[in-house]
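We count ligands from 1, going down the list as the structure has it; atoms in each ligand are counted the same way.
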Amino acid sequence: MTLRAAIVGTGAVAHLHAQALVADPRVDLVAVSNRSAERREAFADRYGVPGRHATHTELLAAEQLDVVILCTPPDLHREQTLDAFAAGVHVICEKPPALSLAELDDMQHAADTAGLAFAIVFQQRTGTAAAHVKGLLDDGALGRPLLAQCQTLWLRQDDYYDVDWRGTWDGEGGGTTLGHGIHQMDLLAHLMGDWAEVDARLWRLARDIEMEDVSTATIRFANGVVATAVSSVLSPRETSYVRIDTELATVEVEHLYGHSGDSWRITPARGVSDELAASWAFPEVDEPSGHEPLVRAVIDALVAGEPLPDLVTFARRPLELVTAIYASATHGRPVTHASLDADDRFRTALRAEVTDLRPR
Ligand SMILES: NC(=O)c1ccc[n+]([C@@H]2O[C@H](COP(=O)([O-])OP(=O)(O)OC[C@H]3O[C@@H](n4cnc5c(N)ncnc54)[C@H](O)[C@@H]3O)[C@@H](O)[C@H]2O)c1
């Protein structure tokens, strides 16, 4: 069985999806769409794609598809996902999947009603090392997790915000917390499970944008772990860093946009035997994180007719964390699941209040 796939929005990230599809013999990339003819043609020529359409509606009407990958700006994800489900097509959607929890719930509801797959791209969960660490934590091999750090210290200078949809609440839906920090917070939540409480602030320190360029948050997870999370687009030495201190060890991963075995380290606590520490060794087979293993996991499930794996579901959790950060910063108090569920303002949009400390 060969799956017929299409990509909507042939910009920067679409190349990672095209490479993943081209590498998989079970899939044919049969069509693309982009409102820009120049980008559409250049992309289709590069990957030898026959079907070329200006809009996703033309594409859905003209092509017989099994799965569509949405690589468009985030404000288009809801409408394009709903249209794909109405056409009977499975969806893989780039992060952030939606601009609000209400939008995401609509999309998930449409998927469930149509009986179609709705996979979200949070590729930091992938890679053999991350799977190994998740296994150790889930099995209790590292003892009880206690404390965590989650840092997304990136640099995005003024030119990054020249793209028309960036830098605005309407186009981007949120600042660096939604656009960048969500990746490491998703990885941390993938390892820790559900969150319980968030206490946060949003700051605009330097960039001329509507949203925050830095956020700082304390997150309490349901398993009792207390974490601090910082997201920034102002950090010249860029890094993405997650650290978890458990009863028996410190687990760390440091990278920028993707990790492999070398990016991870487990340091035993004093008194831990060499034998126990050796049992935590990373597997010899080392597949880095990235779009390819994520797309492959979706294709595996579609070909087998099985439900999607955890690797591409639970998309609500990272969006809840981001929403809770925006709500907490705006209300000036900690946010719980119950208070977030009752918060109509933040269920439908993330437009938050930011403390502006730029020099005037
Ligand atoms: N997972 C990751 O690591 C990662 C990395 C980068 C971007 N992203 C996400 O991917 C999405 C796209 O980001 P990007 O950096 O590739 O943006 P981009 O601006 O480079 O590409 C978006 C493309 O969509 C096209 N487009 C706009 N409206 C369209 C429409 N109605 N129909 C068809 N095409 C349309 C634009 O012409 C553009 O070529 C965003 O949601 C972004 O957050 C994810």
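Near P96, meaning under 4.0 Å from any of its heavy atoms, are these atoms of ligand 1: 41 (O), 43 (O). Within ligand 1, counting atoms from 1 as listed, the ones closer than 4.0 Å to a heavy atom of Q123 are 1 (N), 2 (C), 3 (O). Here is the list of ligand 1 atoms found below 4.0 Å of a heavy atom in Q80: 30 (C), 31 (N), 32 (N). Atoms of ligand 1 found under 4.0 Å from any heavy atom of H77 (numbered from 1 in listed order, with element): 41 (O).
Relative to the six-membered ring of F122, R125 misses at least one condition, a distance below 6.0 Å or an angle of at most 45° to the axis. Seen from the ring of Y161, R156 does not count as a face-on cation partner, given the 6.0 Å and 45° thresholds.
In this structure, H183 has a heavy atom closer than 4.0 Å to ligand 1. Residue G179 places every heavy atom at 4.0 Å or more from ligand 1. For W165, the closest heavy-atom approach to ligand 1 falls below 4.0 Å. Residue contacts with ligand 1 do not include T55, since none of its heavy atoms lies under 4.0 Å from the ligand.
Scanning the protein heavy atoms around atom 25 (C) of ligand 1, the nearest turns out to be N34 OD1, 3.4 Å. Of the protein's non-hydrogen atoms, K95 O, 3.3 Å is the one closest to atom 9 (C) of ligand 1. The protein heavy-atom contact nearest to atom 15 (O) of ligand 1 is R166 NH2, 3.6 Å. Counting only heavy atoms of the protein, atom 12 (C) of ligand 1 lies nearest to C71 O, 3.3 Å. In this structure, the protein non-hydrogen atom closest to atom 27 (C) of ligand 1 is R35 NE, 3.3 Å. Of the protein's non-hydrogen atoms, the one nearest atom 21 (O) of ligand 1 is G11 CA, 3.2 Å. Among protein heavy atoms, the minimum distance from atom 20 (O) of ligand 1 is reached at A12 N, 3.0 Å. Given atom 29 (C) of ligand 1, the protein heavy atom at minimum distance is L76 CD1, 3.8 Å.
Considering backbone and side-chain atoms together, V13 places an N or O closer than 3.5 Å to an N or O of ligand 1. For ligand 1, the polar-atom distance check against H56 finds no nitrogen or oxygen pair separated by under 3.5 Å. Residue-to-ligand polar distances keep A14 apart from ligand 1: every N/O pair is separated by 3.5 Å or more.
Side-chain contact between H331 and E353 is absent, with no heavy atoms from C-beta onward closer than 4.5 Å. The side-chain heavy atoms of P74 and W165, taken from C-beta on, include a pair separated by under 4.5 Å. With contacts defined as side-chain heavy-atom distances shorter than 4.5 Å, the pair W154/Y257 qualifies.
In this structure, a donor-acceptor pair under 3.5 Å is absent between the side chains of T168 and E210.
Looking at H53, its side chain never comes within 3.5 Å of a backbone N or O of L60 through a donor-acceptor pair. Listed for the T218 side chain is no donor-acceptor partner under 3.5 Å among the backbone atoms of T228.
In this structure H259 satisfies the ring pair (Phe, Tyr, Trp, His ring centres under 6.0 Å) test together with H255, W264, sequence neighbours excluded. For D112, the side chain to side chain donor-acceptor pair (under 3.5 Å) criterion is met by Q108, not counting sequence neighbours.
With respect to E212 and R204, no salt bridge is recorded, no charged nitrogen being found less than 4.0 Å from a carboxylate O.
Using bins of under 30°, 30° to 60° and over 60° for the plane-to-plane angle, the ring pair F118/F85 lands in the perpendicular bin.
At a heavy-atom cutoff of 4.0 Å, ligand 1 is contacted by no atom of L16, backbone or side chain.
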